[in-house]
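Okay, so here's the structure we're looking at.
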Amino acid sequence: MDYRRYIAERILIDGVKKEEIEENLAVPPDSSMGDYALPCFKFAKVLRKSPVAIAEELKEKFPVGGEIKEVSAVNGYLNFKVDKRSLAEEVLNQILTEKERYGASEEGKGKTVCIDYSSVNIAKPFHIGHLSTTVLGGALYRIFQFLGYRAVGINHLGDYGTQFGKLICAYKHWGNKEEVEKGGIHAVNDLYVRFNNEATEEMEKEAREYFRLIESGDQEANALFEWFKELTLSYVKKIYDKLHISFDSYAGERFYTDKMQPVIDELNEKKLLKESEGAKIVDLEKFNMPPCLILRSDGASLYATRDLAAAIYRKNTYDFDKCLYVVAYQQNLHFKQVFKVLELMGKEWAKDLVHVAYGMVSLEDGAMSTRKGKVVWLEEVINKCVEKAYTVIDEKNPALENKAEVAEKVGVGAVVFGALYNNKIKDIVFSYDKALNFEGETSVYVQYTCARARSVLDKAIAEGYSWNDGIIEPCASEAELIKALASFPATVKAAAENYEPSYIARFAVDAAQKFNKFYIDCKILQAGDEERKFRLRLTQAALIALTNALTLLGIGVPDKM
RNA sequence: GCACCGUUAGCUAAGCUGGAUAUAGCGUCGGUCUACGGAACCGAAGGCCAGGAGUUCGAAUCUCUUACGGUGCACCA
């Protein structure tokens with residue numbers, strides 16, 4: 001039921017369109033005032049009457065009955081109360097019919113969205129700073145799929161650059177096979193860190209040579225590189241599995257090695273390439289931006305060159321309707337430049353490229369620094385959260401059967417949720433205190449709420465109850481819960497439009513709070529027949545909506561915890 | 001210096017296209033209490049929405065400006 005339209009269609013104001021009335025319908029701050037409100041101040045000028053009088057008049061004319069049960073005029077506002085009973089019936093039917101598809105839609109049918117996220121660097125372990133892009137991208141991937149889009153997840157590997165020459169050089173000097181095999185990616189990273197701290201000028205020179213060797217296809221250099229890549233990918237895939245993250249493509253920077261020349265040629269043809277200080281650039285001064293560097297003075301390509309090639313490749317390969325780059329805001333300028341260059345190249349689809357920028361993660365004592373060893377590994381955070389979850393379960397529910405499995409869902413959920421609960425643009429200061437807090441506005445709270453709901457439903461089944469129908473006039477806490485649940489489809493849509501999974505996280509907490517209120521206020525199993533059936537339906541609907549929300553975020557929902 | 005972003009309760013944050021008394025969680029204080037799961041619920045204290053100006057009937061929300069903080073600004077990615 002579209003109440004706004006319903007109301008707008010039944011209000012007549014001279015010289016004001018229905019659409020305008022519909023747009024102006026707001027939600028009162030307190031639901032005891034009403035479910036919808038029309039502020040009448042705007043119409044005062046046209047009608048040459050006071051808002052109070054207008055509201056009063058409109059109230060008299062409004063046909064009460066049907067979907068709107070009550071209309072009142074208060075201080076220039078026209079307040080509407082909807083028929084809660086029919087709203088309840090409608091919402092419950094919808095949720096219980098659509099189940100795990102509740103909130104989904106077909107609006108993206110036939111459309112493709114590419115999502116570039118996580119984009120790990122070869123030879124570097126995951127630290128807490130990589131969490132946002134991974135988990136944001138993963139959530140957006142699911143959200144777009146849920147809305148009917150074809151989603152293409154791309155892990156744009158950081159596998160190109162002189163750093164790999166350095167790495168190979170460090171390995172040749174200080175490393176050996178056994179150590180790396182034993183220590184895995186951390187051992188590789190240690191070599192890289194050591195290089196940065198101890199390398200002599202001679203070694204720096206050597207490193208550049210090794211990089212050149214990789215590029216020219218030297219067998220030994222490439223074998224080493226591939227080995228490091230393998231190590232990295234098998235390491236990150238374990239973490240991706242835990243976080244419920246997957247990709248359709250691992251085409252990283254190296255993949256574009258042979259795809260950059262055509263771009264450079266095209267830039268030349270279109271007379272966009274200029275020589276400046278020995279380098280080749282695209283001048284963006286007209287657009288109030290520094291130039292976009294395409295080729296270094298030694299002829300080597302740059303980050304931007306590869307991103308241009310990648311964008312074109314993606315358009316050709318996937319024919320996307322939208323291509324998202326889930327990358328921290330440090331790279332705002334870089335993407336602005338790349339998008340502008342594509343636009344100048346005449347790619348009309350440049351408008352479909354979106355930099356989904358998010359804030360940085362720092363530690364309580366300042367920025368992270370791999371070199372100083374001031375870094376928090378993601379794996380460690382996940383492990384600690386899972387351990388903590390296990391301890392709490394042991395304490396609160398020692399008889400639980402699959403403790404480890406549940407602890408995994410709870411612990412990982414807390415990590416994911418922590419990264420998705422706030423607006424993505426905000427910087428985050430990581431602290432274990434916060435990460436390990438399982439109370440209040442957390443995924444654990446939502447999961448707990450789900451377990452509670454499920455427990456009631458299980459008991460109802462055990463008692464032999466069924467609840468295919470049953471409707472009563474909802475009380476306040478029931479009505480609040482229903483309204484919250486009803487907002488889920490719009491929430492999913494808004495989350496996609498704004499690239500903000502946090503909307504869904506906020507929905508989950510809000511709906512869980514309303515469920516808990518309902519749960520405390522209303523007896524479910526001990527209620528009368530009709531009430532019980534209604535409340536069981538409501539409980540099941542809440543469980544469905546909450547489960548769908550957490551699932552979209554990549555968070556598991558244990559049956560018991 | 002220029003550009004972009006941020007600034008809301010002690011702390012961490014919501015607040016979508018301007019609307020009625022600014023909303024939560026954590027923390028603090030005080031309750032519920034023996035249950036359909038207390039990882040819960042209720043209440044209290046706590047705010048010149050960074051400062052100023054403007055637009056408007058109406059501004060946390062839009063515009064300008066100042067301050068503070070963050071990020072970026074030529075051959076790293």
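The chains referred to below are lettered A, B, ... by the order of the sequence lines, with proteins before strands, and numbering in each begins at 1.
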Review point. Can you name the closest pair of heavy atoms from A:Tyr503 and A:Thr491 and give their distance?
Key: O-CG2, 3.5 Å

Counting the atoms with a prime plus P, OP1 and OP2 as sugar-phosphate, which does [X] contact under 4.0 Å by heavy atoms, base, sugar-phosphate, or nothing?
| X | result |
| --- | --- |
| A:Tyr160 | sugar-phosphate |
| A:Met289 | nothing |
| A:Ile393 | base |
| A:Gln330 | sugar-phosphate |
| A:Leu333 | sugar-phosphate |
| A:Ala451 | base |
| A:Asp298 | nothing |
| A:Lys42 | base |
| A:Lys523 | base |
| A:Gln447 | nothing |
| A:Ile524 | base |

Counting only side-chain heavy atoms from C-beta out, which of [options] sits nearest to [X]?
| X | options | result |
| --- | --- | --- |
| A:Met561 | B:rC57, B:rA74, B:rG37 | B:rG37 |
| A:Leu302 | B:rG6, B:rA77, B:rA40 | B:rA77 |
| A:Tyr77 | B:rA20, B:rC5, B:rA74 | B:rA20 |
| A:Asn516 | B:rA39, B:rC41, B:rG37 | B:rC41 |
| A:Val456 | B:rC36, B:rC73, B:rA14 | B:rC36 |

Nearest-Å distance once atom [atom1] is located in both [N] and [M]:
| N | M | atom1 | value |
| --- | --- | --- | --- |
| B:rG54 | B:rA14 | C1' | 28 Å |
| B:rG15 | B:rU61 | P | 14 Å |
| B:rU23 | B:rA9 | P | 14 Å |
| B:rU55 | B:rC11 | C1' | 35 Å |
| B:rU32 | B:rG38 | C1' | 10 Å |
| B:rC4 | B:rG43 | C1' | 44 Å |

Review point. Does A:Asp307 get its side chain close enough to the base of B:rA77, under 3.5 Å, for a donor-acceptor pair?
Key: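 For A:Asp307, whose side chain was compared with the base of B:rA77, there is no donor-acceptor pair (under 3.5 Å).
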
Review point. Can you tell me the Watson-Crick or wobble partner of B:rA24, both distances under 3.5 angstrom?
Key: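 When the pairing criteria are applied, B:rU12 turns out to be the nucleotide that pairs with B:rA24.
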
Check your understanding: Using purine N1 to pyrimidine N3 plus N6-O4 or O6-N4 for Watson-Crick, or N1-O2 and O6-N3 for G-U wobble, both under 3.5 Å, which nucleotide pairs with B:rU7?
Key ->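 The answer is B:rA67, by the H-bond criterion.
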
For the residue pair [Y] / [X], report whether a side-chain donor-acceptor contact shorter than 3.5 Å exists.
| X | Y | value |
| --- | --- | --- |
| A:Lys42 | A:Asn24 | yes |
| A:Asn516 | A:Tyr445 | yes |
| A:Asp30 | A:Ser32 | yes |

